[in-house]
Amino acid sequence: MTQAAPQLHDGDLIFQTSQSAQSRAIQLATKSEYSHCGILFRRGREWRVFEAVQPVSETSLANWIARGQDGRFVVKRLRDATTVLTPAVLQRLQAAGRQYQGKSYDLYFGWSDERIYCSELLWKMYKTATGREIGQLQTLREFDLSHPAVQAKLRERYGKNIPLEEKVISPVRMLESKELVTVPAR
């Protein structure tokens with residue numbers, strides 16, 4: 001059952017538990033139920049979620065929620081959005097996202113702009129448009145890589161050459177950022 005929707009604003013971040021093949025490994029490694037995220041923008045009367053999937057694109061909010069586990073999600077907003085997210089900054093935020101539109105999803109979680117994953121997309125959009133870093137960057141080494149499901153996914157992706165020093169941003173680091181506040185349901 002889908003929960004009551006919060007009052008949304010352009011630039012809000014939305015988090016869910018993905019049903020993708022890698023979701024469980026992400027949850028285990030990051031110690032979070034949330035494994036996917038996107039950014040909200042209103043297009044006419046419809047809310048759309050811009051996200052890094054294959055390829056980076058946008059989808060309707062209803063379809064995005066339906067793809068997640070049990071229709072559950074949480075919406076977060078920049079703590080000072082009313083003063084920071086002016087119309088000009090929102091335009092910059094969307095422009096920052098457009099440079100990634102159509103790019104391939106990054107299964108390897110690299111920090112380059114050639115391919116991109118969900119939280120990396122949102123982090124880079126906010127950094128470009130506002131100068132703010134939403135969530136603390138980590139290295140792959142800082143995650144809990146001990147679970148067999150995580151180790152299997154790492155072997156599948158990297159073989160024996162796991163890039164433990166690769167810079168990464170996880171959905172949970174963004175979700176827990178002091179830069180964001182939770183948007184309550186109406």
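All figures in this text were calculated on a predicted structure; none of them were measured in a lab. Side-chain atoms are counted along with the backbone in the values below, which use heavy atoms only and exclude waters and symmetry mates. The chain is numbered in sequence order, starting from 1.
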**Request:** Start with the C-alpha distance between Met174 and Lys76, add both sets of side-chain angles, then the distance that settles side-chain contact (heavy atoms from CB on, under 4.5 Å), and finish with yes or no.
**Result:** CA-CA 9 Å; Met174 295 190 79; Lys76 294 282 196 157; over 6 Å; no
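- Using a 4.5 Å heavy-atom threshold, the side chains of Ile134 and Leu122 count as separate.
- Results of the side-chain contact (heavy atoms from CB on, under 4.5 Å) test with Asp12 over Val75, Leu180, Leu85 single out Val75 as the only residue that passes.
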**Prompt:** Val172 and Lys31: side-chain contact (heavy atoms from CB on, under 4.5 Å), yes or no, with the steps?
**Reply:** CA-CA 8 Å; Val172 70; Lys31 306 278 192 229; over 6 Å; no
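- Between Arg157 and Gln22, some side-chain heavy-atom pair lies under the 4.5 Å cut-off.
- A distance of 6.0 Å or more separates the ring centres of Trp64 and Trp47.
- Arg67 has a carboxylate O that lies under 4.0 Å from a charged side-chain N of Glu51, or vice versa, which qualifies the two as a salt bridge.
- Across every non-hydrogen atom of Ile169 and Tyr117, the tightest pair is N-OH, 3.1 Å.
- In this structure, Glu120 CD and Tyr105 OH are separated by 9.5 Å, a value rounded to the nearest 0.5 Å.
- Distance alone, capped at 3.5 Å, places no donor-acceptor pair between the Gln94 side chain and the Gln91 backbone.
- Look at Arg141 and Glu165 and you find a salt bridge, because one of the NZ, NE, NH1 or NH2 atoms lies within 4.0 Å of a carboxylate O, short of that distance.
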**Worked check of side-chain contact (heavy atoms from CB on, under 4.5 Å) between His36 and Ser23** = CA-CA 8 Å; His36 186 58; Ser23 179; over 6 Å; no
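- The only option from Cys37, Ser18, Ser35 that meets the side-chain contact (heavy atoms from CB on, under 4.5 Å) definition with Cys118 turns out to be Cys37.
- Minimum interatomic distance between Phe109 and Asp106 (heavy atoms only, all atoms of both residues): N-OD1, 3.2 Å.
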